**Student:** 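For reference, the structure I am asking about is given below.
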Amino acid sequence: MALDKHCDIRTINCDDYTQVDFFEYRGDDLFEVTDYFSAYLQDATRKGYMVYGHPVTSAPGAEFDVYDGIQNKERHFLNFCSYNYLGYSCHPEVVATVQNTLSRYGTGAVSAPLLSGYYDLSRQLEETIAGFKCKEAAVLFPTGYGANLGVLSCLLKPGDVAVMDILSHASIYDGARLAGADIKVFSHNNAEHLERILKNLTTKRVIVCVEGVYSMDGDLVNLPEIVAVCKKYGVKILLDEAHATLLFGENGRGVAEHFGLEDQIDVTIGTFSKSFGAIGGFAVGEARVMTYLRMYARSYVFSCAMAPHTAAGILKVIELYQKDKSCLAKLWENTHYMQQKLTAAGLNTGATQSQVIPVIVGNDRRLREISRMIHARGLYTGVVTYPAVSGKRTRLRLSMSSNHTMEQMDSCVDIIKEAFDLYSV
């Protein structure tokens with residue numbers, strides 16, 4: 001049902017609408033849509049569909065506690081939603097390092113990095129992550145989102161062209177939009193379509209943007225073919241390794257290492273909020289490029305810097321990882337087990353090749369019913385609808401961890417299977 005200003009707010013039924021309707025609504029008053037959306041959300045909450053934004057009350061382990069706003073009480077859940085892929089967020093040595101650092105440095109950087117927010121630990125982390133990634137230099141950002149936003153809005157100008165995979169993260173789109181660059185989109189992982197686009201461009205001021213692991217589908221970038229096309233036309237490549245760093249490649253440097261193409265990438269983006277179990281983002285590449293970003297990337301220059309204790313925790317993670325990768329082996333063991341169990345249960349996991357496992361639902365109404373049921377059964381997953389994916393490709397998104405047990409994975413599959421069978425297409 002289309003939303004228009006003649007709708008009676010008092011009788012809005014959330015089952016008649018999706019979030020697309022409210023995003024596209026244009027009323028005479030700028031805030032008018034918020035009245036309709038509030039009514040929609042209140043109805044969704046009453047019906048138990050509102051599984052988003054419940055406060056977590058414990059560490060993001062394989063199980064955790066959440067204050068359930070639907071039942072108005074704290075509950076214990078299986079956690080297949082956090083990006084804590086290797087369990088470092090809860091690692092005792094990492095936690096102890098952060099605690100010890102707090103007593104010396106306090107709770108935050110409390111300044112921009114070009115002023116007094118740049119600490120010795122910030123510099124050490126930049127040097128360490130650049131060395132880990134085998135690049136000349138690195139720049140830290142407050143978030144992974146801020147890294148893509150800052151890099152692209154800094155390097156691109158109006159009239160330049162950002163060519164991106166259609167499934168690229170919102171931060172990539174937003175960085176190009178903020179720059180005022182022209183945006184061209186190629187079909188997912190389709191190097192032939194990419195070449196057709198590049199062939200018709202009249203400028204060499206072009207950057208092609210792809211992800212190592214695509215965050216909603218879990219598949220890998222078709223990097224060999226895409227790199228070959230980019231080199232043929234002499235354009236730059238940005239690779240976002242947010243969900244791949246520490247997980248792919250012999251040394252954990254990401255999908256570029258996995259394919260043996262690290263020296264072909266111009267700018268690599270990463271985040272510390274996934275496998276590192278912390279918060280923050282980074283860009284690595286040539287020193288001259290990083291120096292330029294440090295002075296002109298607005299999300300770096302005008303944001304408060306990373307807290308020193310956060311940098312210390314990440315440095316400890318890198319130290320632990322380079323000594324012992326047993327957690328990585330366990331993650332892949334768990335991932336393969338879960339993929340096999342879901343497939344055997346007749347569930348559609350798409351083309352995933354990673355620890356990100358989608359379970360495709362289809363339409364938004366079915367997703368609501370399934371998500372309500374699994375939430376009631378004590379399973380916390382990503383519940384993904386528009387605008388993260390199209391309205392016809394809604395899904396549950398499972399984030400695997402090295403800390404999951406076989407029993408926890410079996411329970412997860414059983415709960416999902418029961419919900420899918422109850423709410424069949």
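Keep in mind that this is a model prediction, so the values were computed, not measured.
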**Student:** Donor-acceptor check, side chain of Arg397 to backbone of Ser215, threshold 3.5 angstrom: yes or no?
**Tutor:**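 Looks like yes, one N/O pair under 3.5 Å.
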
**Student:** Identify the heavy atoms of Ala179 and Leu152 that sit nearest to each other, and give their distance.
**Tutor:**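 Scanning both residues, the minimum pair turns out to be CB-O, 3.8 Å.
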
**Student:** May I ask you to check whether Glu63 and His76 show a side-chain donor-acceptor distance below 3.5 Å?
**Tutor:**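 Indeed, the side chains of Glu63 and His76 share at least one donor-acceptor pair under 3.5 Å.
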
**Student:** Given 3.5 Å as the limit, does a donor-acceptor pair link the side chain of Lys133 with the main chain of Arg253, or not?
**Tutor:**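 Answer holds: yes.
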
**Student:** Please examine the side chains of Thr310 and Phe276, heavy atoms only from C-beta on, and report whether any two atoms are closer than 4.5 Å.
**Tutor:**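 The answer is no, as the side chains (C-beta and beyond) never meet within the 4.5 Å cut-off.
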
**Student:** Enter the distance from Ile279:CD1 to Ile314:CD1 here, rounded to the nearest 0.5 Å.
**Tutor:**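 Between atom CD1 of Ile279 and atom CD1 of Ile314 there are 9.0 Å.
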
**Student:** Is it the case that more than 12 heavy atoms not belonging to Arg75 sit under 6.0 Å from its CZ atom?
**Tutor:**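 Yes, CZ of Arg75 has more than 12 neighbouring heavy atoms, counting only those of other groups under 6.0 Å.
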
**Student:** Which word best sums up how the rings of His375 and Tyr380 line up, parallel for under 30°, tilted for 30 to 60°, or perpendicular for over 60°?
**Tutor:**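 Taking Tyr380 first and then His375, their aromatic rings sit tilted (interplane angle of 30° to 60°).
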
**Student:** Can you check whether Val255's main-chain N or O pairs, donor with acceptor, with Glu241's side chain at less than 3.5 Å?
**Tutor:**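 At least one qualifying donor-acceptor pair exists.
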
**Student:** Just by modelled atom types, is the Leu41 backbone N or O under 3.5 Å from a matching donor or acceptor in the Tyr49 side chain?
**Tutor:**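 Between the backbone of Leu41 and the side chain of Tyr49 there is no qualifying donor-acceptor contact (under 3.5 Å).
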
**Student:** Would you check if the side chain of Ser275 reaches a backbone N or O of Thr245 as a donor-acceptor pair within less than 3.5 Å?
**Tutor:**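 Confirmed, Ser275 side chain pairs with Thr245 backbone.
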
**Student:** Just by distance, do the side chain of Asp43 and the backbone of Cys14 share a donor-acceptor pair under 3.5 Å?
**Tutor:**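 Here the side-chain-to-backbone pair exists.
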
**Student:** Determine, stepwise, if the pair Ile357 / Phe80 fulfils side-chain contact (heavy atoms from CB on, under 4.5 Å).
**Tutor:** CA-CA 10 Å; Ile357 306 179; Phe80 284 85; over 6 Å; no

**Student:** Centres of the Phe272 and Phe282 rings: under 6.0 Å?
**Tutor:**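 Yes, the ring of Phe272 comes within the 6.0 Å limit of the ring of Phe282, centre to centre.
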
**Student:** Between Asn72 and Tyr67, is there a side-chain heavy-atom distance shorter than 4.5 Å?
**Tutor:**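 Tyr67 vs Asn72: side chains touch.
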
**Student:** Are more than 12 heavy atoms from other residues, nucleotides or ligands located less than 6.0 Å from atom NZ of Lys325?
**Tutor:**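 Yes, the 6.0 Å shell around NZ holds more than 12 heavy atoms from other groups.
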
**Student:** Measure the spacing between CG of Leu379 and CG of Asn79 and express it to the nearest 0.5 Å.
**Tutor:**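 Taking CG in Leu379 and CG in Asn79, the distance rounds to 9.0 Å.
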
**Student:** In Å and rounded to the nearest 0.5 Å, what is the SG to OH distance from Cys327 to Tyr88?
**Tutor:**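 Nearest 0.5 Å value for the SG-OH distance: 3.5 Å.
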
**Student:** Just how far is it from atom CE of Met400 to atom SG of Cys412, taken to the nearest 0.5 Å?
**Tutor:**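 One finds 7.5 Å between CE of Met400 and SG of Cys412.
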
**Student:** I'd like to know if the side chain of Asn334 and the backbone of Ser401 have a donor-acceptor N/O pair within less than 3.5 Å.
**Tutor:**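 Present.
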
**Student:** Taking the side chain as every heavy atom from C-beta outward, state whether Pro60 and Cys90 have any pair of such atoms under 4.5 Å apart.
**Tutor:**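 Side chain of Pro60 against side chain of Cys90, heavy atoms only: contact under 4.5 Å found.
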
**Student:** Carefully, step by step, assess Leu247 and Val213 under the rule side-chain contact (heavy atoms from CB on, under 4.5 Å).
**Tutor:** CA-CA 10 Å; Leu247 303 181; Val213 173; over 6 Å; no

**Student:** Cut-off 3.5 Å, side chains only: do Gln19 and Tyr40 have a donor facing an acceptor?
**Tutor:**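 Result is no, nothing qualifies.
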
**Student:** Closer than 4.0 angstrom, basic N to acidic O: yes or no for Arg366 and Glu369?
**Tutor:**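 The answer is no: the pair does not qualify as a salt bridge.
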
**Student:** Answer yes if the side chains of Tyr214 and Asn189 hold a donor-acceptor pair under 3.5 Å, and no otherwise.
**Tutor:**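 No, Asn189 and Tyr214 have no side-chain donor paired with an acceptor closer than 3.5 Å.
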
**Student:** Does a donor on one side chain and an acceptor on the other come within less than 3.5 Å for Thr57 and Asp65?
**Tutor:**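 Looking only at side-chain atoms, Asp65 and Thr57 do not form any donor-acceptor pair under 3.5 Å.
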
**Student:** Please find the pair of heavy atoms, one from Pro308 and one from Leu121, that lie closest to each other, and give the distance.
**Tutor:**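 Smallest interatomic distance, heavy atoms only, reads O-CD1, 3.5 Å.
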
**Student:** Are there more than 12 heavy atoms of other residues, nucleotides or ligands under 6.0 Å from atom NZ of Lys184?
**Tutor:**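 Not more than 12 within 6.0 Å, no.
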
**Student:** Do other residues, nucleotides or ligands put more than 12 heavy atoms under 6.0 Å from Ile166 CD1?
**Tutor:**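 12 or below, so no.
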
**Student:** Take Leu86 and His91 through the side-chain contact (heavy atoms from CB on, under 4.5 Å) test and state the conclusion after the steps.
**Tutor:** CA-CA 9 Å; Leu86 299 177; His91 194 288; over 6 Å; no

**Student:** Do Glu126 and Arg123 meet the salt-bridge criterion of a basic N to acidic O distance under 4.0 Å?
**Tutor:**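 No.
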
**Student:** Are there more than 12 heavy atoms of other residues, nucleotides or ligands under 6.0 Å from atom OH of Tyr296?
**Tutor:**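 Atom OH in Tyr296 is not packed in, count stays at 12 or less.
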
**Student:** Between Thr394 (side chain only) and Val361 (backbone N and O only), is there a donor and an acceptor less than 3.5 Å apart?
**Tutor:**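 Checking the backbone N and O of Val361 against the side chain of Thr394, no donor-acceptor pair under 3.5 Å is found.
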
**Student:** Regarding Lys274 and Ser399, do their side chains bring together a donor and an acceptor under 3.5 Å, going by distance alone?
**Tutor:**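 Short answer, no.
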
**Student:** Identify whether the distance between the nearest side-chain nitrogen and carboxylate oxygen of Asp414 and Lys417 falls below 4.0 Å.
**Tutor:**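 Salt bridge flag = no for Lys417 with Asp414.
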
**Student:** Could you walk me through whether Glu195 and Tyr233 pass the side-chain hydrogen bond (donor to acceptor under 3.5 Å, both in side chains) check?
**Tutor:** CA-CA 8 Å; Glu195 181 164 15; Tyr233 289 90; 3.0 Å; yes

**Student:** Could you pull out the closest heavy-atom pair between Gly146 and Phe141, with the gap in Å?
**Tutor:**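 So the two residues come closest at O-CD2, 3.6 Å.
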
**Student:** Which atoms form the tightest heavy-atom contact between Ser354 and Gly218, and what is the distance?
**Tutor:**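 Where Ser354 meets Gly218 most closely, the heavy atoms are OG-O, 2.8 Å.
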
**Student:** Side chains of Asp217 and His188: do they bring a donor and an acceptor to under 3.5 Å?
**Tutor:**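 The criterion, which ignores hydrogens and geometry beyond distance, is not satisfied for His188 and Asp217.
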
**Student:** With a cut-off of 6.0 Å (strictly less than), are more than 12 heavy atoms of other residues, nucleotides or ligands near CZ of Phe23?
**Tutor:**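 Open.
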
**Student:** With a 3.5 Å cut-off and no angle check, do the side chains of Asp364 and Tyr17 form a donor-acceptor pair?
**Tutor:**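 Result is no, nothing qualifies.
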
**Student:** Are Asp165 and Phe186 close enough, and set up right, to give a side-chain contact (heavy atoms from CB on, under 4.5 Å), and what steps lead you there?
**Tutor:** CA-CA 5 Å; Asp165 188 295; Phe186 64 95; 3.8 Å; yes

**Student:** Using modelled atom types and a 3.5 Å cut-off, is there a donor and acceptor pairing between side-chain atoms of His193 and backbone atoms of Ser187?
**Tutor:**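 Present.
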
**Student:** How long is the straight-line distance from OG of Ser371 back to CZ of Arg395, given to the nearest 0.5 Å?
**Tutor:**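 Rounded to the nearest 0.5 Å, the CZ-OG separation comes to 14.5 Å.
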
**Student:** So does Thr18 get a backbone contact from the side chain of Asp21, meaning a donor-acceptor N/O pair under 3.5 Å?
**Tutor:**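 Checked: pair present.
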
**Student:** With rounding to the nearest 0.5 angstrom, report the CD to CD distance, Gln339 to Gln353.
**Tutor:**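 Reported to 0.5 Å precision, the distance equals 9.0 Å.
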
